[in-house]
Amino acid sequence: MAVNLLQTPAMHSGAVPFSRPPTPGVHPLQIGFCGLGAMGYFMARNLANSRKSHSSPLLVYNRTVAKSQKLVAEVGASAVKVADTPGQLATECDVIFTNLANDAVVTSVYTEFAKALAQSPPTKVKIFVDTSTNVNTPVVGDLDRLLSSFPHTHFVTSPIFGPPPAADSAKLVIAMSGDYRSKKEVAFLLVPAVGRKVMDLGGNVEKAPTLKLIGNGMIMGANELLAETLTFGEKSGIGQQTVYDLITGRADDNSLIAYGNKMVNDLFDGSEGFAIDGGIKDSKLVPRVTYVACLRNLNCPMPAVDNAHRSMISARAMHQAQMVSATQQWDILDWSAMIASSRVAAGLNAFDSKKGTGVVQED
């Protein structure tokens, strides 16, 4: 395994879930970066700045050369060198990061990498790290098989969480799956230079991209709910700004985190929270109000609330069935137990997440 020469500043405990790689060796790692888009530019810049004390500059490639030249102008020619082709990164670098726009571009670039490796087979460890957001799991599997066909070559999937401002300020959260020793090497290159925390998803390279999709799903769901409630506030004459003020006024109660904790840990005792009957009542009132709004030609559907209503009805029915057989754990069910509907649809236990399918960490 190639040794790491970075002298990483002290970081918060738990930011990297690996022990530090071996102490510096004779030759510094040559790092490459491909893709200087909205996220990649900031990541490459921060990585280059973190390595200014090292003898080898960051080697970068971007389809639009102007982006590479801009990076050189910002951090200096001693910190960044521009590659002529993706293949140059593959043959000259020990660790190659990619941050690309979509599956087609990722496949095209990695095909170029493979051609270069076929012409010049690696004689020492080489790690390819894809940080792209849009890569689907079949493509990831294909890339892993492609790169694994070359000696000493490893592939790590490492999608990032955060918008461009987080990339700019090196506050990204980084998921990671793949070869263990490669992840260890990469993690200490990225934290704290590029991100603030690494989450290890094990050896299956499909796991980290899947977590990325889950994270995006949460954001999309939250945005849908925001869109519905803000629009309803506007159409009802209350005003979306007033609804937003309600959201910001309650920001310190961390509702999303609190209910997530209940769901993850099966804390569904409604006597210590908000009873599901109350949630069902409220979810029935919302459609009535929107129905009246529709009669006034305001036309403001709220499908997220409709879905929540159906989920709570299903969870309550399951709980009532348990009460008939005297197998219930709680006499009153919390409305966070609406997750039971999703669990059963996925073939899991409704109220006990410890039963049935469990997570097995690879590595």
Side-chain angles (χ1 to χ4, degrees), residues 1-2 29-37 39-40 43-44 47 59-63 83 85-161 172 174-187 189-190 194-195 198-216 361-363:
M1 178 66 195
L29 290 176
Q30 175 63 62
I31 311 299
F33 203 103
C34 180
L36 303 178
M39 301 291 287
M43 295 168 65
L47 194 56
L59 188 62
V60 301
Y61 175 83
N62 192 69
R63 183 177 57 181
T85 65
Q88 185 180 349
L89 295 182
T91 55
E92 295 185 11
C93 296
D94 302 300
V95 182
I96 303 94
F97 293 96
T98 57
N99 187 271
L100 304 166
N102 53 53
D103 287 355
V105 177
V106 169
T107 300
S108 174
V109 167
Y110 275 81
T111 299
E112 292 298 310
F113 288 160
K115 289 179 181 178
L117 294 177
Q119 294 175 356
S120 180
T123 57
K124 60 179 181 177
V125 170
K126 195 176 292 289
I127 306 169
F128 290 85
V129 186
D130 186 57
T131 66
S132 307
T133 295
N134 302 304
V135 182
N136 62 54
T137 51
V139 171
V140 164
D142 291 342
L143 297 180
D144 187 37
R145 286 185 289 273
L146 175 66
L147 294 175
S148 297
S149 65
F150 298 102
H152 313 293
T153 306
H154 301 286
F155 179 54
V156 172
T157 50
S158 188
I160 51 177
F161 294 84
L172 297 169
I174 304 161
M176 203 171 285
S177 56
D179 175 66
Y180 181 82
R181 288 180 295 176
S182 298
K183 289 184 297 185
K184 177 186 289 192
E185 194 78 49
V186 171
L189 288 172
L190 293 180
V194 172
V198 166
M199 299 176 66
D200 180 21
L201 276 294
N204 184 341
V205 293
E206 295 183 356
K207 291 291 182 70
T210 300
L211 181 65
K212 176 62 179 177
L213 294 179
I214 292 170
N216 284 357
Q361 182 79 358
E362 287 118 359
D363 268 344

Would you check, one step at a time, whether the test side-chain contact (heavy atoms from CB on, under 4.5 Å) holds for V205 with L143? CA-CA 10 Å; V205 293; L143 297 180; over 6 Å; no
Side-chain ([X]) to main-chain ([Y]) donor-acceptor, under 3.5 angstrom:
X	Y	result
T153	S148	no
K183	G202	yes
S120	L117	no
S149	L146	yes
T111	T107	yes
S177	L201	no
D179	H154	no

Distance check, rounded to the nearest 0.5 Å: [X] atom [atom1] versus [Y] atom [atom2]?
X	Y	atom1	atom2	value
T131	L172	OG1	CG	9.0 Å
E206	L213	CD	CG	11.0 Å
D94	E185	CG	CD	9.0 Å
L147	I127	CG	CD1	12.0 Å

If we only count heavy atoms from C-beta on, is the [X] to [Y] side-chain gap below 4.5 Å?
X	Y	answer
L189	F97	yes
M176	L190	yes
F161	L211	yes

How far apart are the C-alpha atoms of T85 and E112, what are their side-chain angles, what is the distance that settles it, and do they pass the side-chain contact (heavy atoms from CB on, under 4.5 Å) test? CA-CA 9 Å; T85 65; E112 292 298 310; over 6 Å; no
Let me see the working for S132 and L100 under side-chain contact (heavy atoms from CB on, under 4.5 Å), right down to the final yes or no. CA-CA 5 Å; S132 307; L100 304 166; 3.8 Å; yes
Over all atoms of both residues, closest heavy-atom pair of [X] and [Y]:
X	Y	value
V109	C34	CG1-SG, 3.9 Å
Q30	E92	CG-O, 3.4 Å
S182	V156	CB-CG2, 3.8 Å
T123	H152	C-CD2, 3.6 Å
V105	N102	N-OD1, 3.0 Å
Y61	A83	CD1-O, 3.6 Å

Is there a side-chain contact (heavy atoms from CB on, under 4.5 Å) between F33 and M43? Walk through the geometry before answering. CA-CA 9 Å; F33 203 103; M43 295 168 65; 3.9 Å; yes
In chain order, what residues pass the side-chain hydrogen bond (donor to acceptor under 3.5 Å, both in side chains) check against R63, with sequence neighbours excluded?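 R63 satisfies side-chain hydrogen bond (donor to acceptor under 3.5 Å, both in side chains) with no residue once adjacent residues are dropped.
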Assign the ring pair F113 / F128 to parallel, tilted or perpendicular, where the plane angle (0 to 90°) is split at 30° and 60°.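 Rings of F113 and F128: tilted, 30 to 60°.
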Within the 3.5 Å criterion, strictly below it, is a donor on T98 or D130 matched to an acceptor on the partner's side chain?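 A pair is found: one side chain offers a donor N or O, the other an acceptor, under 3.5 Å apart.
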